[in-house]
Amino acid sequence: MREFLLGRLNAHALPHEWFTIGGTIGFILLPLLALAVLVRIKGWKWLWGEWLTSVDPKRIGIMYFIVAGFMLIRGGMDAIMIWLQQALTAGNAHGYLGATHGYLSADHFQQIFTAHGNIMVFFVAMGFIFGLINFIVPLQIGARDLASPFLNTLGFWLYVGGVVMVNMFFGIGGEYAATGWLAVAPLSETQFSPGVGVDYWIWSLQISGIGTTIGGINFIMTILKMRAPGMSLWKMPMFTWGSLCSMLMVVTVFPLLTATLFLIFFDRYLGMHFFTTNLGGNAMMYTNLIWMWGHPEVYILILPAFGVFSEVVATFSRKSIASYTSQVLGMIGVTVFALSVWLHHFFTMGAGADVNAFFGVMTMVIAIPTSVLVFGWIATMYKGRIRYTVPMLWFLGFIGIFTIGGMSGVLLAVPPADFQLHNSLFLVAHFHSTVIGGVLFGVFAGLNYWFPKFAGFRLNERIGRSAFWCWIVGFCLSFIPMYILGIMGATRRLDHYDASTGWQPFYILMLIGGLVIATGVALQVIQIIASVIQRRQLADFTGDPWDGRTLEWATISPPPSYNFAVIPNVTTRDAFQEFKERGGLPQAKYKDIRVPYNTASGIYIAAFAFAASFAFVWHIIWLAVAGILGVIICVIVRTFNDNIEYTLTAAEIENAERSRKKHILPKKTEEGEDMSLWEFIKIAVTWGLGFVGLKRRVHGS
Amino acid sequence: MNNVSHPAKIESRPGHGSVTSYVIGFLLSLIFTLIPYSLVIHQSLDKNALLATILGFALLQMVVQMIFFLHLGREKKPHWNLFFLVSTIGIILLVMVGSLWIMSHLSHGMSSMNVTDKIVTGEAIYQVNGVQVGTCSGNGTNHRIVLLGNVPTPRHTDAQICDTLTIMTQDNVTRALMFGPRAKAETYAGETSVSVSPKQSAVITLTQLGTHTFHDRKVNGPTGDFTVTR
Amino acid sequence: MEADHELGGHEAASDDRVGFGFWVYLMTDLLMFTVLFATFAVLRNNTFGGPTGRELFSLPAALSETLILLTSSFTAGLGMLAARRGSKNQVLTWFGVTYLLGIAFLALELREFTAFIHEGHTWHSNASLSSFFTLVGAHGLHITLGLLWMGITLVFIWVRGLDSHLIRKLTLLSLFWHFLDIVWIFIFTVVYLMAFV
């Protein structure tokens with residue numbers, strides 16, 4: 001009976017080791033506490049009605065940022081733990097906390113680097129990018145919403161389901177996959193990974209992957225079918241182009257991931273033999289399939305970042321992008337070629353010279369459209385009147401680091417070279433240079449650039465600059481030694497190594513670099529808090545703080561729920577720049593618009609899907625059936641519900657616009673610079689002492 | 001406003017077909033199912049031809065159903081549906097062909113031939129542990145064949161394995177020399193033909209034993225042969 | 001490109017968008033099937049000494065399934081024509097026939113599966129059978145979900161009568177059904193016919 005009810009769940013699954021207890025407190029209990037505080041302050045109705053069930057892509061975008069930011073902290077802590085282990089663990093150094101080497105057992109270390117990879121790729125990078133696309137793309141193309149608001153909220157909650165699953169193993173189960181971030185077979189088969197770790201891995205990726213596919217379909221529908229009148233594809237802003245190309249790749253390759261995850265799930269759950277070591281299984285087919293998804297995935301991440309940089313460079317060079325056509329063709333070129341290079345991840349698996357040569361050449365070819373983009377940005381800066389704001393700094397950092405990463409990639413594209421460098425730290429340095437230097441810096445540039453649009457006030461520039469410099473210096477301290485170590489022969493994923501290799505000084509340097517990066521992250525958090533404190537001084541009253549060129553700057557900050565009161569007619573690229581030169585947006589008549597209702601169906605469907613996934617992990621059949629039935633029933637109820645929109649009349653819009661115009665008259669503000677870090681520290685200490693003093697007064701001691 | 005209780009009528013917009021189109025599609029699909037079926041049941045063709053034929057009929061039936069059942073291509077511009085379908089088919093081909101190509105090469109690598117032999121052949125390694133293994137080190141003698149007019153001099157060459165053969169021309173003509181008799185082209189040392197011009201001679205490493213002929217691609221050109229022994 | 005029009009224009013544009021979005025979803029479904037096809041192609045001969053398709057499959061049975069599904073695709077098309085004419089009874093008839101043919105298809109497929117399992121050829125036996133059951137089973141699962149969708153839609157039409165929303169659902173459903181028949185063409189060819197080549 002117990003087995004029927006609970007499957008393979010038992011008391012041992014509850015946290016009983018230092019890291020599972022720590023993880024449960026830090027990543028399960030603390031967020032729940034934060035949520036409880038929020039509900040206490042603002043009320044559940046507010047949270048449920050304004051945010052959780054919202055179908056407004058601006059709200060959903062902000063929720064993506066918050067979840068992705070939280071996961072960035074966790075993924076970063078994983079990285080620090082890895083660096084710390086590797087710095088401590090040379091030779092026969094004394095082990096701590098019961099470990100033979102360093103302070104982490106080998107199995108735990110393996111789970112950490114696996115989780116680090118999954119979290120950073122799926123939940124941080126994808127989360128930030130989906131957040132940016134949700135908020136900005138409809139504004140840039142002059143639309144009010146995405147094509148399907150329901151699918152948007154569903155996609156978000158499926159992503160959250162994946163996030164919950166990848167955090168929940170701390171509390172229930174105690175282990176994650178120890179297989180590397182792609183869980184290569186046959187290590188991920190039941191024979192070699194009998195615990196629940198790989199099952200958590202499968203289902204966290206499966207649910208969020210389906211959410212991503214749904215989002216991809218939605219964004220494509222939106223960009224292709226909902227542009228403002230007059231905005232042909234060839235007049236779209238560059239960020240929209242980057243997002244379109246990225247989403248085209250999403251709908252192409254995420255289905256491949258979904259199917260492959262099902263296959264490994266069937267092997268583990270139903271005893272099939274796709275990738276097992278016996279009865280005819282072929283583990284190499286798993287590697288083939290997973291990288292068919294895996295390689296385009298990294299281009300999915302980078303293309304929106306390229307789009308961000310195009311916007312940032314054009315705005316802060318006060319010129320339109322140099323050669324729009326080449327830039328678009330460059331993005332399309334990257335998109336097309338990205339699908340033909342996947343074997344370069346397993347040159348050493350033994351397909352032979354012919355096959356390796358083809359994929360090696362294709363991998364080198366993809367550097368060409370990428371360089372077209374890089375040269376295009378530099379050409380945009382040439383003879384521009386450049387303003388070195390924080391987004392521009394992130395762009396300049398990107399140029400340096402991403403180029404190094406790209407060049408090391410072309411080096412790795414040569415199969416004989418790859419035979420030496422495969423799975424070495426050189427490879428690790430390469431992909432971190434491109435992903436951090438490209439994707440993450442792009443996200444940071446985008447967040448700093450568009451923050452005024454999200455919030456109505458700029459971010460603090462001084463602290464933002466300090467954060468940037470910490471990131472750059474920390475990155476170089478961490479990853480330049482990594483290239484050198486890789487060539488010296490250090491492989492990746494080492495939890496201990498011989499002291500005679502002479503590698504330890506490098507590892508210690510990398511740890512220091514990691515701590516500098518962590519300081520940079522802390523400064524970014526401080527930047528946001530400081531900006532909130534100074535929000536009146538940093539307020540954006542015009543909606544266009546940077547003298548931007550594209551349509552999103554034509555709205556107030558933050559935009560009203562319907563984005564544009566009247567959808568503008570577009571005639572050129574850089575549509576907003578054109579309107580400004582002509583003297584303002586054309587004033588047209590207000591019309592009735594259809595607005596979608598908020599809906600909880602996304603939450604319910606995702607909750608049932610999550611329940612089914614949890615049931616699959618723990619082999620609880622009744623719950624799996626209930627979860628699947630729940631999903632089907634909710635989908636049916638939602639799709640057969642015809643009453644999903646209401647009308648916002650022209651009169652109501654006119655009223656909203658008129659009353660808002662009163663609010664944006666500038667209030668009297670204090671003049672002065674952005675807060676410096678020292679000033680923030682003083683404020684924080686004062687507040688802290690006041691808080692403690694308050695408690696003392698209340699308790700009368 | 002939304003739920004109309006009386007049946008709604010939609011005039012036949014372009015792109016929604018008629019009974020005729022469905023009937024034609026159905027009959028064609030029927031034929032394109034029964035033909036490959038009977039070919040397989042009766043084993044009427046040899047293996048490769050049969051494979052190609054039934055795949056061809058499957059693709060044909062897919063196109064038929066797309067045109068007559070799915071009304072593809074009749075939507076208004078821009079033809080996004082068509083674009084997505086064609087791209088998807090492209091990706092499908094990439095995934096299928098790519099996987100089969102890669103996996104067959106990998107399985108060749110896993111096949112039971114002695115691993116050393118396999119590496120040696122693939123990487124053209126000359127000796128292992130001091131023992132010559134059959135590929136060439138480049139220390140052989142060089143033999144020269146000169147083409148003048150339509151006559152190679154010498155017409156016949158005897159050589160040893162791993163010698164080299166240089167073919168040069170003394171007139172102003174660029175020639176393409178093919179291996180094997182005129183009726184049936186062969187491959188030698190991985191090449192089906194070599195090009196000889198006044199500025200550039202052809203050099204072949206003699207890695208295969210036996211007597212081999214070469215002939216000029218043009219009818220009146222020179223024909224010669226060489227014999228390679230151990 | 002759409003701006004705000006009166007409700008009729010809004011609905012037509014919305015129909016176009018939803019139809020296009022569903023089409024893109026169908027493409028992603030095709031790609032998932034491609035992985036299953038590719039895996040089947042690679043693993044088809046990995047029987048680990050067990051029986052091959054040639055020994056297990058019955059071509060006449062596969063042909064019957066193929067013809068049944070093809071006919072159901074045809075009747076679904078006729079049902080769509082009836083929907084555009086606004087004829088509720090004809091819609092129920094033609095889609096009813098489609099439904100019964102779909103059930104017959106599933107019954108034949110289940111019969112084949114249970115026969116194999118009964119003889120001890122299950123998805124545990126070897127990689128080849130794992131791929132067979134997964135590929136053909138995935139298609140069967142899609143047919144089942146399609147029948148579920150069809151059944152509910154037909155009930156709604158029976159109760160509410162044909163309206164534009166239900167016609168739109170029928171359009172998407174028939175797209176789905178045609179697409180499943182196209183996938184089956186390739187299953188019939190690659191799995192069944194090729195086993196005997």
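The sequence lines fix the lettering, A, B, ..., with proteins before strands; numbering per chain opens at 1.
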Roughly how far apart are A/F254 CZ and C/M32 CE, rounded to 0.5 Å? 12.5 Å
Distance col, row C/Y25:OH vs A/I217:CD1, nearest 0.5 angstrom, shows 8.5 Å
Could you tell me which of C/T34, C/L166, C/T122, C/V24 has the largest number of non-hydrogen atom pairs under 4.5 Å with chain A? C/V24
From the list C/T39, C/L36, C/L129, C/D29, the residue making the most non-hydrogen contacts under 4.5 Å with chain A is C/T39
Can a donor-acceptor pair be found between the side chains of A/D642 and C/H165 at a distance below 3.5 Å? yes
Which value, rounded to the nearest 0.5 Å, describes the distance between C/L148 atom CG and A/I636 atom CD1? 4.5 Å
Would you indicate whether the side-chain heavy atoms of A/L224 and C/F20 approach each other to under 4.5 Å? yes
Quick one: what part of A/F275 sits under 4.5 Å from any heavy atom of chain C, side chain, backbone, both or neither? neither
For the candidates C/T153, C/T47, C/L30, which exhibits the highest count of non-hydrogen atom pairs separated by less than 4.5 Å from chain A? C/T153
Heavy-atom closest pair (C/D16 atom, A/K225 atom, distance to 0.1 Å) is OD2-NZ, 3.1 Å
From C/N126 CG over to A/M272 CE, what is the distance, rounded to the nearest 0.5 angstrom? 11.5 Å
Has C/R54 got more than 12 heavy atoms of other residues, nucleotides or ligands less than 6.0 Å from its CZ? yes
Where does C/A138 contact chain A at under 4.5 Å (heavy atoms): side chain, backbone, both or neither? neither
A/F262 side chain reached by C/V35 side chain, heavy atoms, under 4.5 Å: no
Locate the shortest heavy-atom distance separating A/G280 from C/A127; write the atom from each residue and the value. O-CB, 3.2 Å
For atom CH2 of C/W23, is the number of surrounding heavy atoms from other residues, nucleotides or ligands below 6.0 Å larger than 12? yes
Rounded distance (nearest 0.5 Å) linking atom OG1 of A/T639 with atom CH2 of C/W149: 8.0 Å
Let me know if A/L263 has heavy atoms under 4.5 Å from chain C in its side chain, its backbone, both or neither. side chain
Is it the side chain or the backbone of A/F274 that comes within 4.5 Å of chain C heavy atoms, both, or neither? both
Hey, what do you get for OG1 (C/T134) to CZ (A/F266), rounding to the nearest 0.5 Å? 5.5 Å
Hey, which of C/L43, C/L145, C/N45 has the most heavy atom pairs under 4.5 Å with chain A? C/L43
Flag, side chain of C/W123 to backbone of A/L270, donor-acceptor distance under 3.5 Å: yes
Contacting moiety of A/L256, where chain C heavy atoms sit under 4.5 Å: both
Is any side-chain heavy atom of C/M27 closer than 4.5 Å to a side-chain heavy atom of A/V251? no
Within the side chain of A/H273, is there an N or O that forms a donor-acceptor pair under 3.5 Å with the backbone of C/H124? yes
